[in-house]
Amino acid sequence: DSVHFYPQSQTTYKKYQWNFGDGTGSTERHPWHLFQGPGTYIVCLTVTDTTSAGTCYDFSCDTIVVPHYIQVYPNPANSAIHFAVPHGTNPVRLEIVDDRGCLVYRTDTESASGFSVPTQGLSSGVYIYKLSDGKGVVQSGKFIVVKR
């Protein structure tokens, strides 16, 4: 989704120059920005003002982390649980544990734009999933299996 940026100071300056760290920027005071994919971005703001002493500049930078958002559906699931990774992560490892913390499923996949896990070996209950890439955990969450 998009991020709404605000300068730290409440003072109004003559000029604002935002650099979003992805090759784009803005000159608005309070810009909205949509990052095109997950990653770590260094966002910088340079402000310029003119006073009786001349032109003054100041800048500040901060790190923005845009996470992967994985859709897990249907939830609750019956015959299979589907994982959709909109921006993709390649390769990934999926681990699923039951409500007692026991590992019940693990897979490594090269195609991470989406995959499904059959639930026929799982009983009704709550399960915790962890999806990770070579850098660490991308996302974790829970889903429910309901056998009919």
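Not measured: the values here are computed from a predicted model.
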Compare every heavy atom of [Y] with every heavy atom of [X], then report the nearest pair and how far apart it is.
{"X": "Cys56", "Y": "Thr51", "result": "SG-OG1, 4.1 Å"}
{"X": "Val137", "Y": "Lys130", "result": "CG2-CD, 3.6 Å"}
{"X": "His82", "Y": "Pro74", "result": "CD2-CD, 3.7 Å"}
{"X": "Pro31", "Y": "Phe20", "result": "CG-CZ, 3.9 Å"}
{"X": "Gly21", "Y": "Tyr41", "result": "O-CD2, 3.7 Å"}

- Message: I'd like to check the ring-ring contact (aromatic ring centres under 6.0 Å, His included) partners of Tyr129; sequence neighbours left out, ordered by chain and number.
- Response: Phe83

Please name all residues satisfying side-chain contact (heavy atoms from CB on, under 4.5 Å) with [X], sequence neighbours left out, ordered by chain then number.
{"X": "Asp98", "answer": "Arg100, Cys102, Val104, Tyr127"}
{"X": "Arg106", "answer": "Arg93, Glu95, Leu103"}
{"X": "Thr48", "answer": "Lys15, Thr55, Tyr57"}
{"X": "Asp62", "answer": "none"}

Look at the side-chain heavy atoms of Ile, Leu, Val, Met, Phe, Trp and Tyr, link any pair under 4.5 Å apart, and say whether [X] and [Y] land in one connected group.
{"X": "Tyr105", "Y": "Phe115", "value": "yes"}
{"X": "Ile96", "Y": "Val72", "value": "yes"}
{"X": "Tyr13", "Y": "Val43", "value": "yes"}
{"X": "Trp32", "Y": "Leu34", "value": "no"}

- Message: Going by disulfide bond (SG atoms under 2.5 Å apart), name the residues that satisfy it together with Cys44, two or more places apart in sequence or in a different chain.
- Response: Cys61

Any chance you could measure [X], atom [atom1], to [Y], atom [atom2], to the nearest 0.5 Å?
{"X": "Leu131", "Y": "Thr109", "atom1": "CG", "atom2": "OG1", "value": "9.5 Å"}
{"X": "Leu45", "Y": "Phe5", "atom1": "CG", "atom2": "CZ", "value": "10.0 Å"}
{"X": "His33", "Y": "Thr24", "atom1": "NE2", "atom2": "OG1", "value": "3.5 Å"}
{"X": "Ile144", "Y": "Thr119", "atom1": "CD1", "atom2": "OG1", "value": "13.0 Å"}
{"X": "Asp49", "Y": "Tyr16", "atom1": "CG", "atom2": "OH", "value": "8.0 Å"}

- Item | Candidate list Ile81, Val117, Val126, test side-chain contact (heavy atoms from CB on, under 4.5 Å), partner Phe143, passing option | Ile81

- Query: Do Lys142 and Asn75 come within less than 4.5 Å of each other through their side chains, counting heavy atoms only?
  - Reply: no

